[in-house]
Each structure stands twice: as structure tokens, then as C-alpha cells.
Amino acid sequence: MTMANTPARVCPLAKKCGGCQLQNLSYDEQLHLKQATAIRLLGRFGHVEEIIGMKDPYHYRNKVQAAFYTDKKGKIISGVYQSGSHHVVGIDSCQTEDVIADKIIVAVRKLLPSFKMTTYNEDTGKGFLRHILVKRGFATNQIMLVLVTGTPVFPSKNNFVKAILKQFPEITTIVQNINPYRTNLVLGDNQKVLYGKGYIEDILCGCRFRISPKSFYQINPVQTEVLYGKAIEFANLKGNETVLDTYCGIGTIGIIAAKNGAGNVIGAELNGDAVRDAIVNARANNLKNIRFYKADAGEFMREAADEDEKPDVVFMDPPRAGSDRKFLDSLIKMSPKKVVYVSCNPETLARDLAYLTQNSPYKAQKIQPVDMFPHTAHIECVCEIFK
Ligand code: SAH
């Protein structure tokens with residue numbers, strides 16, 4: 001490993017929070033463990049390259065979320081849910097989270113009483129503020145504050161916005177998201193922009209991206225550049241290829257591929273907000289050879305296969321649950337020269353590779369783990385697949 005051996009920084013809340021499963025190991029030990037896990041799960045499919053770790057594996061998260069709770073004495077606590085429960089563990093700062101985001105959350109919590117803003121109680125369904133979400137563009141320093149409220153009426157909103165902006169003039173947009181439902185989902189369907197544009201932008205691999213409150217965006221931008229760099233390297237674009245970017249989110253991989261020589265890019269994504277962002281992003285990067293569709297990736301692939309599309313390269317970046325047979329069968333039918341599979345879950349990657357290799361001549365040629373989530377047990381891999 002190339003990293004200096006950073007000793008474990010033991011977090012006093014580790015047991016209660018449960019987010020950093022590997023925090024009792026030094027960073028080098030974490031990387032060794034992840035490498036061994038990747039080899040155990042994926043080694044039978046192809047060569048597992050050495051995991052690429054972070055130079056500075058702290059405060060890497062560009063998106064921070066907090067839940068709120070008011071105790072019997074009226075004291076307001078902000079933090080995360082205790083692992084496996086809905087009890088809020090008070091946290092003011094965290095070794096994985098962006099420092100400014102953590103400071104903004106504490107400041108909002110301290111402002112609540114003076115604005116008579118109550119916190120939402122999950123048991124009764126009463127109360128106002130449910131969650132806060134802060135997203136920061138590390139390259140642009142644009143900051144979005146999202147206040148998730150149980151009810152739409154926000155009587156003191158103008159003064160509240162003024163008060164928080166006075167403390168953090170670097171906040172570029174503030175959004176109220178309304179979530180009246182009894183649900184585990186943080187964000188609801190309706191939102192109002194209280195200040196600024198309602199989105200932030202960030203720059204990755206030289207391309208500019210718009211990020212809305214509800215769109216997926218990789219949470220570790222430093223390692224995302226490494227991950228995408230590998231994905232583009234594996235695609236080995238020569239120019240004029242037709243490229244599919246499936247599970248494309250806000251279009252990041254497809255847009256970077258288009259900038260790196262792809263002739264024609266088609267993206268597919270289920271989340272409508274992300275697709276809207278992807279379309280704007282393509283325009284902002286002066287790309288005309290790229291289109292995005294709001295669709296289930298499996299459905300999209302089946303239609304493309306039925307229409308006898310012949311893509312040269314297919315990027316796929318599914319959520320933790322992995323891909324599905326509809327997708328993989330259509331992929332085999334279309335038979336692209338190259339498949340680049342970006343995975344945040346080596347178990348579902350192994351399942352999908354097993355299906356692909358048993359049902360087609362495709363083989364995983366290289367598997368590159370990239371440490372996107374230091375101190376947690378999560379393992380991200382990018383995999384080069386061809387026949
Ligand atoms: N490639 C993007 C997003 C990866 S995360 C990036 O690197 O930023 C996975 C994405 O898949 C999310 O945006 C999620 O909304 C989307 N998704 C989840 N299930 C899907 C499905 N069945 N079909 C299409 N997209 C899906």
C-alpha cells in the first residue's frame with residue numbers, strides 16, 4: 001500500500017453510531033482487510049488490483065445528514081440514529097464528515113429555540129424539523145442546506161434564513177423539503193427554495209455538475225475522480241464509440257466519457273430529478289452527443305436490445321442491490337465490446353459476474369477496488385469486462 005500508516009483514531013461514539021465499522025483499525029489495516037475481502041469475493045472472476053486508498057482519509061463526506069430529538073428536559077439533540085434503532089445519538093463532529101457541514105448543523109440546532117422551531121417526533125408524528133441535509137461542492141465551495149420539515153408552514157423562515165446566513169455566508173442555497181409521511185425516507189416529494197438557486201454545482205474530472213437535493217451524487221469526490229478515472233481507462237475510448245451510461249445518476253460518467261472521446265452517449269436513470277440534472281449538465285459542458293432517459297435500467301436495456309442497438313461500451317453503476325437478469329440478459333444480447341461495471345457492493349457484483357460468466361463468454365479482466373468510504377466496511381470496485 002502506498003499510504004502512510006495512519007493509526008486508528010478511536011471515536012467515542014463508534015459503538016452507538018455504528019457508521020465506522022473499521023475505526024478500531026489503522027488505515028493501512030483497513031485497506032488490507034478490504035483487499036482481502038475483495039479477493040475472497042471476486043478473485044475467482046479476475047485479477048483484483050491493489051486497492052487505491054486516500055492520502056487523507058478524514059472528513060471526506062460532502063453530504064451530511066442529521067436527525068433531531070428533543071429530550072424530556074427540552075434539550076435538543078442532533079446527530080445520527082443509533083445503529084439498528086431510531087434513537088438519536090448526539091454528534092457535533094465526525095471524522096468522516098465535512099467540517100463545515102458539521103458546524104452548520106450545530107448552528108442550526110442552536111438557533112431552533114429562538115425561532116420556536118420544534119423537532120419532529122417519530123412516535124407522535126408531531127413537530128416541525130425532521131432532518132437537515134448539507135451538501136458541499138468541494139471544488140466550487142458551493143453549499144446547500146436542506147431543512148426537512150414535517151409540515152409546510154414555516155412562520156419564521158425569512159428571519160431564520162437571515163440568521164443562518166449571517167453565521168455562514170458561504171451557504172449558497174437553502175431549501176425547505178416537506179416530508180409529512182411516516183417513513184424512513186429522509187426527503188419528501190415537495191420542496192421550496194428559500195434562498196439561492198435550489199441546487200449546487202461541483203467539478204469532477206474537469207466537468208461541471210449540478211446537484212439537486214434529491215439527486216444521487218458520489219459522497220467522496222476525491223476518490224470519485226480516481227474511480228471515474230479508472231472507469232474511463234477501462235473503457236479505452238478511441239473516439240466515435242456509442243456508449244451507454246446506465247444507472248447514470250446526474251450523468252457524471254457518461255458526460256466524462258463524452259469529454260474523453262465517446263461519439264455518442266445515452267444515459268438511463270430511474271430518479272426524475274437526477275435525469276433533469278443530467279440533461280442540464282450535458283448542456284453546461286457543451287455536449288450535444290448525449291441523451292438521457294428516465295427509465296428502469298433493465299427496461300431500458302431490454303428496449304435497446306429489442307431495437308437491435310449495438311453499443312460499443314456499456315457503463316453500469318447500480319445501487320447496492322446490484323443489477324438484474326433483465327439487464328444482464330439484454331447486455332449479453334447486445335454484446336458490446338466492453339462493459340465497465342462500477343459497484344458499491346462486492347457481493348452483488350459477484351452475483352452478477354457469476355450470472356454473466358455462466359451465461360456468456362464475458363470475463364472480468366480487471367477488478368480495481370477504490371476506497372471511497374474509509375473507516376466503514378463498504379468496498380467500491382470498478383471492473384473491466386470483455387470477451
Ligand atoms: N453513476 C452515477 C450514479 C450511481 S448510484 C454516479 O456515479 O454518480 C446508482 C444510481 O442508480 C442512482 O442514481 C439511483 O437513482 C439509480 N437507480 C436505482 N435503481 C435503478 C433502476 N432500477 N434503474 C435505473 N436507475 C436506478
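Both counts, for ligands and for their atoms, begin at 1 and track the order of listing.
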Participant: Would you check if Ile367 and Glu384 make a side-chain contact, meaning some heavy-atom pair closer than 4.5 Å?
Facilitator: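 No, every pair of side-chain atoms sits at 4.5 Å or beyond.
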Participant: Answer yes if the side chains of Tyr247 and Ser323 hold a donor-acceptor pair under 3.5 Å, and no otherwise.
Facilitator: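 Yes, because at least one side-chain N or O of Tyr247 sits under 3.5 Å from a partner of the opposite role on Ser323.
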Participant: Scan the side chains in residues 199-207 for donor-acceptor partners under 3.5 Å anywhere in the protein, sequence neighbours excluded, and list what turns up.
Facilitator:
| from | atom 1 | to | atom 2 | distance (Å) |
| --- | --- | --- | --- | --- |
| Tyr199 | OH | Arg210 | NH2 | 3.1 |
| Glu201 | OE1 | Gln142 | NE2 | 3.1 |
| Asp202 | OD1 | Phe138 | N | 3.4 |
| Asp202 | OD1 | Ala139 | N | 3.0 |
| Asp202 | OD2 | Tyr217 | OH | 2.8 |

Participant: Would you say Asn220 and Met54 make side-chain contact, with heavy atoms under 4.5 Å?
Facilitator: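 They are in side-chain contact.
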Participant: So which residues, sorted by chain and number, lie with a heavy atom under 4.0 Å of ligand 1?
Facilitator: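 Those residues closer than 4.0 Å to ligand 1 by some heavy atom are Phe216, Gln218, Tyr228, Tyr247, Cys248, Gly249, Thr252, Ile253, Glu269, Leu270, Asn271, Ala295, Asp296, Ala297, Asp317, Pro319.
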Participant: Taking only Lys NZ, Arg NE, NH1 and NH2, and the carboxylate oxygens of Asp or Glu, determine whether Asp371 and Lys34 approach each other closer than 4.0 Å.
Facilitator: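 A salt bridge links Asp371 with Lys34.
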Participant: Answer yes or no: is there a donor N or O on one side and an acceptor on the other, between the side chain of Asn62 and the main chain of Gln218, under 3.5 Å?
Facilitator: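 The answer is yes, because a donor-acceptor pair under 3.5 Å joins these two groups.
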